[in-house]
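Notes to accompany the following structure.
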Protein chains: 2
Amino acid sequence: MRVPRSAQQLLAERGIRTTRQRIRVLEALLAEPNDATAQEIYESLRKRRDRIGLATVYRTLALLSEHGVVDVLMHHPGEVCYRLCGQGHHHHLTCTGCHQVVELGDCELEPWLSSLGGVHGFTVTSHAVEVAGMCADCEKAAAS
Amino acid sequence: MRVPRSAQQLLAERGIRTTRQRIRVLEALLAEPNDATAQEIYESLRKRRDRIGLATVYRTLALLSEHGVVDVLMHHPGEVCYRLCGQGHHHHLTCTGCHQVVELGDCELEPWLSSLGGVHGFTVTSHAVEVAGMCADCEKAAAS
DNA sequence: ATAATTGCAAAGCGTTTGCACCCTG
DNA sequence: CAGGGTGCAAACGCTTTGCAATTAT
């Protein structure tokens with residue numbers, strides 16, 4: 001799912017102008033196995049002494065999500081998270097303990113959903129599934 | 001799914017103190033077939049000349065969601081919607097045109113999801129499915 | 001009676017925007 | 001070199017909180 005690609009390449013593929021800041025944001029996402037908020041990305045870049053404005057992080061993330069480069073996740077109200085994802089349709093399995101995110105491929109819901117939509121007179125255009133649980137490590141930690 | 005119940009009853013069932021304001025908020029939700037934001041509920045109550053504070057609406061909705069009386073939906077980033085739902089597990093089918101919401105019963109995902117979780121060493125505790133589409137009316141309107 | 005609930009206004013938070021400057025293509 | 005991109009700080013909108021007055025049990 002998560003094909004390793006360079007930040008440069010990701011931008012070029014979509015015909016997005018490459019700037020130092022956009023590359024930095026993408027690098028931060030590439031280095032982040034889970035999801036991150038705009039603020040988190042901003043802070044991690046500032047810690048690395050990268051000169052970037054918070055507004056630019058927001059603008060870049062908006063741009064990237066418009067182009068389908070990053071996914072937008074909303075597990076908690078008022079918290080928007082971004083994540084660099086593999087191409088194609090997939091869903092997410094999130095650990096409630098440590099917030100690690102696992103991509104779920106092979107979604108088998110399409111047929112079920114479109115039939116369900118038909119019953120209600122809907123044409124189903126998209127669907128999102130967010131699965132929450134506890135990873136093995138967190139479960140162990142919680143037990144003690 | 002959506003058993004009609006009185007606002008009074010809903011509060012009493014959970015042992016929530018009944019106040020004029022809480023009943024008004026619940027009535028607004030009972031009258032609302034779809035979902036509504038805190039602000040929308042506040043405004044609809046003010047239009048009806050109900051004296052209620054915005055803060056109370058927020059506090060009441062938080063209370064009701066804690067007690068499982070209302071569902072919290074987040075289709076769009078930065079927009080938290082509340083909805084009075086039937087009991088039991090279900091999901092939502094939302095029209096992107098008119099925002100009407102249909103409750104989907106009989107969710108057949110449980111077995112699939114827990115097996116999927118197992119593969120990744122997760123104990124799946126919950127899942128949310130949000131299906132989006134176009135209802136018949138909006139599809140017609142869009143075609144013209 | 002007394003503890004919880006309310007309303008208001010102020011504070012808080014994440015996010016967006018206006019504008020002068022800067023950089024990419 | 002032109003048009004898009006950036007940074008800063010101010011503006012923004014939604015939500016939460018402090019506190020005195022009010023209300024339910």
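Please read all numbers here as calculations on a predicted model, not as lab measurements. Heavy atoms only: backbone and side chains are in, while hydrogens, waters and symmetry mates are out.
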For the pair made of OH in A:Tyr82 and C1' in C:dG14, what is the distance, rounded to whole Å?
-> 11 Å

Whether each nucleotide of nucleotides 19-25 of chain C has a protein heavy atom under 4.0 Å at its base (B), only at its sugar-phosphate (S) or at neither (-) is summarised, 5' to 3', as -----BS

Between A:Tyr58 and A:Gln39: side-chain donor-acceptor atoms closer than 3.5 Å = yes

Ignoring hydrogens and geometry, is there a side-chain-to-backbone donor-acceptor pair from B:Thr60 to B:Thr56 under 3.5 Å?
-> yes

On DNA chain D, check which nucleotide each of A:Tyr42 and A:Leu63 is closest to and give me the residue with the more 5' one.
-> A:Leu63

Which atom pairs link the protein and nucleotides 12-14 of chain D when you take only N or O atoms and keep those under 3.5 Å?
none

Quick one: which of D:dT15, C:dC8, C:dT17 gets closest to the side chain of B:Ala55?
-> C:dC8

Residues of residues 44-53 of chain B with any non-hydrogen atom less than 4.0 angstrom from an atom of DNA chain C: list those, numerically ordered, please.
-> B:Arg51, B:Ile52, B:Gly53

Taking the side chain from B:Arg22 and the backbone from B:Arg17, do they hold a donor-acceptor pair closer than 3.5 Å?
-> yes

Figure out the CG/P separation between A:Leu61 and C:dG14, and round it to whole Å.
-> 15 Å

Between the side chain of A:Thr125 and the main-chain N/O of B:Ala132, is any donor-acceptor distance below 3.5 Å?
-> yes

A:His127 versus A:His89, side-chain donor and acceptor atoms under 3.5 Å = yes

Distance in angstrom units between B:Leu54 CG and D:dT17 P, rounded = 14 Å

Check ion pair B:Asp71-B:Arg83 (N to O, under 4.0 angstrom) | no

Between C:dC13 (C1') and A:Glu43 (CD): distance, integer Å | 13 Å

Quickly work out the B:Glu66 CD to C:dT5 P distance and round it to whole Å.
-> 11 Å

Figure out the CD/C1' separation between B:Gln8 and D:dT25, and round it to whole Å.
-> 14 Å

Any side-chain donor-acceptor pair under 3.5 Å between B:Glu139 and A:Thr123?
-> yes

